[in-house]
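Report on one structure; see the data block that follows.
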Number of protein chains: 2
Amino acid sequence: MHGKKPDIDRVFHALGDPTRRAILEKLSEGPMSVSRLAEPLAVTLAAVVQHLQVLEESGLVQTEKLGRVRTCQIAPGGLSVAAQWIGDRRTLWERCLDRLGELLAEPDERRLDVPTGGRPKGE
Amino acid sequence: MHGKKPDIDRVFHALGDPTRRAILEKLSEGPMSVSRLAEPLAVTLAAVVQHLQVLEESGLVQTEKLGRVRTCQIAPGGLSVAAQWIGDRRTLWERCLDRLGELLAEPDERRLDVPTGGRPKGE
DNA sequence: TTATTTGTCAAGTGGATACTTAAGTATTTT
DNA sequence: AAAATACTTAAGTATCCACTTGACAAATAA
């Protein structure tokens with residue numbers, strides 16, 4: 001209730017980069033090694049590794065190294081954090097829309113005196 | 001189908017900044033003027049105006065100026081873009097999990113020779 | 001062993017960007 | 001008209017961040 005959520009920061013920052021989202025898209029096809037991830041990506045392997053660090057610290061991706069190959073996959077809860085934040089804002093906003101709708105839906109009782117033509121300003 | 005989605009880029013980039021998310025949170029309480037948005041924000045009015053430009057170009061916020069005051073509100077479709085992208089990745093990933101689940105759920109037919117105790121690699 | 005694959009680390013660079021200050025515009029108030 | 005309000009715009013700055021190069025480490029293949 002009163003707690004901060006520093007995860008949110010990291011998650012949205014991570015999602016803010018197109019290359020990182022591309023990595024997530026690829027990973028949503030299934031687990032994959034670092035070099036296979038890098039293959040279609042127009043950046044060096046080193047860059048991909050750096051992105052993976054960000055993604056892992058944000059909780060969006062899990063990795064495990066076996067032998068010389070590190071296998072990456074999407075982490076269970078990661079995207080939920082972002083999804084929930086967005087969901088919350090949307091419901092709040094829609095509730096706000098509803099209130100507006102209620103007002104506009106009762107022109108009889110409220111006697112909104114909207115002049116038929118000619119607004120104070122604009123267009 | 002074959003089109004690029006530059007909206008997604010802008011939306012996620014916009015959401016990547018904490019101050020911009022704070023603005024959206026405030027706006028989810030309802031429409032608000034620029035200066036009222038700036039009030040609790042530990043940055044100057046000018047900075048808020050710049051953030052609002054980003055938010056508006058990304059389609060997350062709508063503004064309208066009447067007289068000398070610009071009123072801002074959350075834009076209808078904006079958050080949906082992000083929500084849908086996240087939703088898509090999640091379903092893809094869950095489908096992938098399902099496949100894995102199917103494999104693990106039928107040890108009889110498939111003859112997966114998983115040794116009863118002891119996975120190939122550590123926990 | 002030697003070579004290849006696969007990834008890691010460190011340092012540096014260039015460009016993006018969040019922020020500030022300061023000056024300017026338009027609107028409303030007095 | 002003069003002053004205050006509510007932004008707007010421009011320019012400068014400092015930091016962050018994505019990316020590269022290059023050297024290095026570890027596991028596998030020849």
Side-chain angles (χ1 to χ4, degrees), chain A residues 6 8-27 30-73 118-123, chain B residues 6-27 30-73 120-122:
Chain A
I8 299 265
D9 264 36
R10 296 191 166 190
V11 168
F12 274 107
H13 171 247
L15 290 176
D17 181 82
T19 303
R20 262 169 336 235
R21 284 199 310 281
I23 290 177
L24 286 176
E25 297 198 9
K26 206 90 180 69
L27 280 182
M32 213 166 293
S33 76
V34 178
S35 44
R36 278 214 41 224
L37 274 176
E39 212 169 77
L41 275 189
V43 293
T44 60
L45 218 180
V48 172
V49 171
Q50 288 165 4
H51 282 306
L52 281 171
Q53 282 171 6
V54 173
L55 286 168
E56 196 163 13
E57 283 166 12
S58 73
L60 286 167
V61 161
Q62 274 180 345
T63 78
E64 189 192 12
K65 192 162 184 178
L66 294 187
R68 66 182 167 182
V69 45
R70 174 176 300 275
T71 305
C72 315
Q73 64 173 8
R119 289 182 185 72
K121 208 41 193 264
E123 163 148 15
Chain B
D7 295 356
I8 300 265
D9 266 35
R10 297 192 166 190
V11 168
F12 274 108
H13 171 249
L15 289 175
D17 182 84
T19 304
R20 250 149 13 214
R21 283 200 310 283
I23 290 177
L24 285 176
E25 297 198 11
K26 206 89 182 66
L27 279 182
M32 215 166 289
S33 76
V34 179
S35 43
R36 277 215 41 223
L37 274 176
E39 211 168 79
L41 274 188
V43 292
T44 59
L45 219 179
V48 173
V49 170
Q50 288 164 5
H51 282 305
L52 281 171
Q53 282 171 7
V54 173
L55 286 167
E56 195 162 14
E57 283 164 13
S58 74
L60 286 167
V61 161
Q62 275 181 344
T63 77
E64 188 190 13
K65 191 161 184 178
L66 295 188
R68 64 183 167 181
V69 45
R70 175 175 299 276
T71 305
C72 315
Q73 65 174 7
K121 213 41 195 267

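Numbered from 1 within each chain, the chains take letters A, B, ... in sequence-line order.
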*Give the rounded distance in Å between these two atoms: CG of B/Leu41 and P of C/dA18.*
14 Å
*Pull out every residue in residues 45-52 of chain B that has a heavy atom closer than 4.0 Å to any atom of DNA chain C, ordered by number, or say none.*
B/Ala46, B/Ala47, B/Gln50, B/His51
*Compare all side-chain heavy atoms of A/Leu37 with those of A/Leu52 and state whether any distance is below 4.5 angstrom.*
yes
*For residues A/Val61 and A/Leu27, determine if any side-chain heavy atom of one lies less than 4.5 Å from a side-chain heavy atom of the other.*
yes
*Could you grab the distance from atom NE2 of A/His13 to atom NE2 of B/His13, nearest 0.5 Å is fine?*
9.0 Å
*Measure from CG on A/Asp17 to C1' on C/dA16 and round the result to the nearest Å.*
12 Å
*Of the non-hydrogen atoms in A/Leu24 and A/Leu15, which two are nearest, and what is the gap between them?*
CD1-CD2, 3.6 Å
*When the distance from CE of A/Met32 to P of C/dT6 is rounded to whole Å, what number comes out?*
15 Å
*side-chain N/O B/Thr44 vs C/dA18 OP1/OP2, d < 4.0 Å*: no
*asked:* So if I take every side-chain heavy atom of A/Val43 and compare against C/dG7, D/dT20, D/dA18, which nucleotide ends up nearest?
replied: D/dT20
Under-3.5 Å N/O pairs linking protein and nucleotides 25-30 of chain D:
unit_1, atom_1, unit_2, atom_2, d
D/dA27, N3, A/Arg68, NH1, 3.3

*asked:* In this structure, how many angstroms lie between the C1' atom of D/dT5 and the CD atom of B/Glu39, rounded?
replied: 14 Å
*Is any side-chain heavy atom of B/Ile8 less than 4.5 Å from a side-chain heavy atom of A/Arg21?*
yes
*Nearest-0.5 Å distance, CD1 of residue B/Ile23 to CG of residue B/Leu55*: 5.5 Å
*Give a yes/no on whether any side-chain N or O of B/Lys65 is located under 4.0 angstrom from OP1 or OP2 of D/dT8.*
yes
*Does some side-chain heavy atom of B/Leu66 sit less than 4.5 Å from a side-chain heavy atom of B/Thr71?*
no
*Would you say a side-chain N or O of A/His13 is under 4.0 Å from OP1 or OP2 of D/dC16?*
no
*Looking only at side-chain N and O atoms, does A/Ser35 come under 4.0 Å of OP1 or OP2 in C/dT6?*
no
*Taking atom CD of A/Glu39 and atom NZ of A/Lys26, what is their separation to the nearest 0.5 Å?*
8.0 Å
*Quick one: is B/Thr63 getting a side-chain N or O under 4.0 Å of the D/dC7 phosphate, OP1 or OP2?*
no
*Atom CZ of A/Arg10 to atom P of D/dC16: distance rounded to whole Å?*
14 Å
*Round to the nearest Å and state the distance from B/Asp9 atom CG to C/dA16 atom C1'.*
14 Å
_Tell me which pairs pass side chain to side chain donor-acceptor pair (under 3.5 Å) where either residue lies in residues 43-56 of chain B, with sequence neighbours left out._
B/Arg20-B/His51, B/Glu56-B/Thr63
*Could you tell me whether the phosphate oxygens of C/dT6, OP1 or OP2, come under 4.0 Å of any side-chain nitrogen or oxygen in A/Arg36?*
no
